[in-house]
Amino acid sequence: MTDLIDDILDISKMEAKKIDWQMENLSVAKVIGRALEVTNSFIEMYQLEVVEDIESGLPEIVGDSDKLKQVVINLVSNAVKFTQEGPIICRARKINDEVTISVIDKGIGIAEDDQEKIFEKFSQVRNGLTDKVKGTGLGLAICKEIIVHHGGRIWVESERGKGSNFTFTLPCV
């Protein structure tokens with residue numbers, strides 16, 4: 001219940017433009033590293049492995065460290081919840097004038113019809129393993145708000161039974 005209330009407050013503040021963004025030059029590798037530190041016990045509980053695949057020499061980005069860490073935590077946590085066998089890959093690459101960050105899993109995947117809906121508030125996809133929903137249905141909507149605020153894009157590529165690749169971009173400094 002606390003998670004739901006926190007998520008509702010977060011998205012309400014973002015939509016009302018009442019968030020105090022702490023924008024600064026950031027290392028994407030450090031943001032990902034901190035997010036993985038936070039999720040480490042959760043990852044271990046599911047007995048999964050997360051592989052960091054971060055291109056060396058990535059340029060800095062301008063962003064709010066806590067908010068971007070929240071995005072990575074959410075994407076990794078979702079990958080863990082819907083994956084029985086790892087590894088889960090956190091990849092970061094420079095492509096043109098953007099840094100592209102991906103969280104890739106070999107989980108249950110998402111049907112094509114559900115892929116756009118999952119970024120909407122309170123939208124959830126049933127877990128094909130247990131036929132139960134997991135979470136508040138706000139995490140990906142919050143991720144989208146954060147990434148759009150940073151001038152980026154977020155999307156998913158997925159196929160049922162073959163896993164998902166959640167990717168977002170951030171402009172380089």
[X] (side chain) donor-acceptor with [Y] (main chain) under 3.5 angstrom:
X    : Y    : answer
N165 : I104 : no
S102 : R91  : no
T169 : V99  : no
E159 : G109 : no
D105 : I88  : no
R34  : D66  : no

**Study point:** Pairwise side-chain contact, P87 with K106, heavy-atom cut-off 4.5 Å (strictly under)
**Key:**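 P87 vs K106: side chains touch.
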Would you mind reporting whether I61 and V31 have side-chain heavy atoms less than 4.5 Å apart?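 No, too far: nothing below the 4.5 Å cut-off.
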I would like to know whether K67 and H149 meet side-chain contact (heavy atoms from CB on, under 4.5 Å); could you show each step before the answer?
-> CA-CA 10 Å; K67 297 290 186 263; H149 179 82; over 6 Å; no
Review point. Quick one: CD1 on I101 to CD1 on I54, what's the gap to the nearest 0.5 Å?
Key: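 I101 CD1 to I54 CD1: 9.0 Å, rounded to 0.5 Å.
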Just wondering, more than 12 heavy atoms not from [X] lying within 6.0 Å of its [atom1]?
X    : atom1 : answer
E24  : CD    : yes
K94  : NZ    : yes
N96  : CG    : no
E116 : CD    : no

So W155 and Q115, side-chain contact (heavy atoms from CB on, under 4.5 Å) or not? Walk me through it.
CA-CA 8 Å; W155 68 93; Q115 291 178 23; over 6 Å; no
query = Taking the six-membered ring for Trp, are H150 and W21 parallel (under 30°), tilted (30 to 60°) or perpendicular (over 60°)?
reply =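 Rings of H150 and W21: perpendicular, over 60°.
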Legend entry - Polar side chain donor-acceptor pair, E44 to N40, under 3.5 angstrom: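 A pair is found: one side chain offers a donor N or O, the other an acceptor, under 3.5 Å apart.
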